[in-house]
Amino acid sequence: MMYWLNLLEAAGLSFLFLVLVFVPMEKVFPAKRMQKFFRADWVLDLCFFLGQYLLWSGLVLWALSYFSAYLDTIVPGSFRLSVRSQPFRLQAAEVIVLSDFIIYWGHRLQHKIGFLWRFHKVHHSAEHLDWLAAHREHPIDSIYTIGLINLPAFVLGFPLETLAGVIAFRGIWAIYIHSNVRLPIGPLRMLIGAPELHHWHHDLDRDAGNYANISPLMDILFGTYTCPHKEPEKFGIKEEFPKNYVGQLVYPVLPRLLIRQVKKVLVKFRNNASVFVRKFTAL
Amino acid sequence: MNRKLIKPLTILLFASLITGFVVYRAGVLDSPINLSPNGGALNTAKTDTIARADSLKKLHMMYSSKSAIIDDISFNKDTNKFVKPDSGITQKIMWSGSKSGRIFEPQELDTAFMWRQSEIISSSKSAIIFKPRFSVPNPPDSLTKTKEKK
């Protein structure tokens, strides 16, 4: 009982804090002026937010701690020793740059490979972007993304807790780049990213670009950087996708054939029903 | 006039909240030393008398058919040496029945959902802002007894 109360407390506090941080910004510097606080699909995104705090984060951390422990057993100690003999700041820079490099390519693959896109499109199905929509993420997508981004630290045995401030900043900035804010920050955006860049990543086009984690340097390096001087007209995906929480969690794990079969049965049922109704009304 | 003020004030609020959050999570606000009223360090450090499981994380998993870890050793990051577990405490591992098995052991659940104190880089989408507070449960009696016998 106490466990759930603590989780609820953390979720509630985080929610209030995020409202305090982002809502004034969204009101004063809106990217989409007509978007309200309680916009369409707000409840769905709230479900994802609560799901992340109450259900999935523990599971994701558990999976990652096992993954990291497994890596401990296969990475040669001599390799870690040679890494550790470098100056601490160099190690920290290596971990951050390698993380950005790996997550950039991992993220590009999520958009290219059908199997990965199945999970990642949950995040892209958001048709309205704000700080709450940032939390729309399938738990398997979270394990993949967080696993990749932490891979260099796991492999090198780097103590990330020594960079707690940097990590906290990256975490909250990741939410900020989804918020309904347009506030140009000039050349600084090349270093820490900005909402206007990430909004274009959420364009209807699946290959719109801007795959980098926070800093767009990797996008510039690999030619996927895009920053038009306006907001995309629409966010979301072109494919059909469930609009409810359970549907969005279950749909990606269902085998495609099963989905197709269920769809066929539903279409047949709908057609038969409409024929029956037509005949019945004709009588 | 009001409009001119609102914009810089909003940015100021945003920047100060983000800075405050980063400072808080970086642990800058945590005082590492307890000070006495006259400024001297208090000798309040307690000796850890509670028997705990190994300081080294033991992994229990099914190995592949090609290789297996024979000896339970791990790399100690502080001493840069490979070390063995510091206690003889072992957990009973058994095969589950053919129909069902326990997925999580209660202790594993505790540590897994304790939201490890060590940091991880959050995904590009969102991050956990405030971690839940958990009271660390007392170790099971069996662990304490094993340690006392030693």
Side-chain angles (χ1 to χ4, degrees), chain A residues 2-3 6-7 9-10 13-14 17-18 20-22 24-25 27-29 52-53 57-59 61-62 64-66 69-70 72-73 77 80-81 84 99 103 107 123 134-137 142 145-146 149-150 153 157 159-161 163-165 167-175 178 183 213-214, chain B residues 3 6-11 13-28 56-59 61 63 67 69 72-78 80-82 104 108-135:
Chain A
M2 210 44 209
Y3 168 78
N6 282 332
L7 282 183
E9 183 195 37
L13 273 176
S14 304
F17 178 74
L18 291 172
L20 196 63
V21 173
F22 294 119
M25 288 291 282
K27 290 289 165 206
V28 178
F29 304 102
Q52 217 177 85
Y53 275 84
S57 281
L59 198 68
L61 285 178
W62 177 78
L64 289 176
S65 66
Y66 264 56
Y70 173 69
D72 284 349
T73 62
R80 284 189 173 171
L81 263 181
R84 287 186 159 269
S99 291
I103 200 60
H107 193 184
H123 180 63
H135 297 83
R136 192 187 291 203
E137 188 176 17
S142 305
T145 314
I146 305 178
I149 208 168
N150 285 279
L160 278 173
E161 50 273 25
L163 298 178
I167 290 164
F169 176 77
R170 284 170 72 107
I172 201 158
W173 205 254
I175 301 174
H178 290 88
L183 178 66
N213 179 33
I214 303 287
Chain B
R3 275 189 163 270
I6 280 176
K7 284 191 176 181
L9 280 179
T10 311
I11 294 175
L13 175 73
F14 176 70
S16 40
L17 283 173
I18 297 246
T19 311
F21 170 71
V22 169
V23 165
Y24 160 72
R25 285 291 291 269
V28 176
L56 300 178
K57 198 190 291 176
K58 277 187 186 176
L59 275 183
M61 61 173 86
Y63 298 102
S67 65
I69 303 296
D72 216 358
I73 55 169
S74 187
F75 186 71
N76 188 321
K77 291 165 185 171
D78 300 324
N80 280 344
K81 281 178 184 169
F82 286 96
F104 303 107
E108 280 181 358
L109 260 181
D110 279 343
T111 46
F113 291 90
M114 201 65 80
W115 301 53
R116 296 188 314 162
Q117 286 307 302
S118 57
E119 294 286 340
I120 58 162
I121 306 175
S122 351
S123 82
S124 53
K125 292 153 203 123
S126 63
I128 296 299
I129 299 301
F130 293 111
K131 294 173 185 173
R133 291 179 293 125
F134 288 110
S135 53

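Chain letters run A, B, ... following the sequence lines, proteins first, then strands; residues in each count from 1. Predicted model only: the values in this text are computed from it and were never measured.
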Nearest heavy atoms of [X] and [Y], plus distance in Å:
X	Y	answer
B:Leu13	A:Leu20	CD2-O, 4.1 Å
A:Phe17	B:Leu17	CZ-O, 3.8 Å
B:Arg25	A:Ala164	O-CB, 3.5 Å

Practice item. Considering only heavy atoms and a distance below 4.5 Å, find which of B:Thr10, B:Val23, B:Leu9 pairs most often with chain A. Key: B:Thr10
Practice item. Sort A:Leu163 into side chain, backbone, both or neither according to what part of it lies under 4.5 angstrom from a heavy atom of chain B. Key: neither
Review point. To the nearest 0.5 Å, how far apart are CZ in B:Phe14 and CD1 in A:Ile172?
Key: 7.5 Å
**Study point:** Interatomic spacing from CD1 in B:Ile18 to CZ in A:Phe22 - rounded to 0.5 Å
**Key:** 5.0 Å
**Study point:** A:Lys27 atom NZ, neighbour heavy-atom count above 12 within 6.0 Å
**Key:** yes
Check your understanding: What option among A:Asn150, A:Ile146, A:Leu160, A:Val28 has the most heavy-atom pairs under 4.5 Å with chain B?
Key -> A:Asn150
Review point. What residues, two or more places apart in sequence or in another chain, satisfy side-chain hydrogen bond (donor to acceptor under 3.5 Å, both in side chains) together with A:Arg136?
Key: A:Asp45, A:Ser125
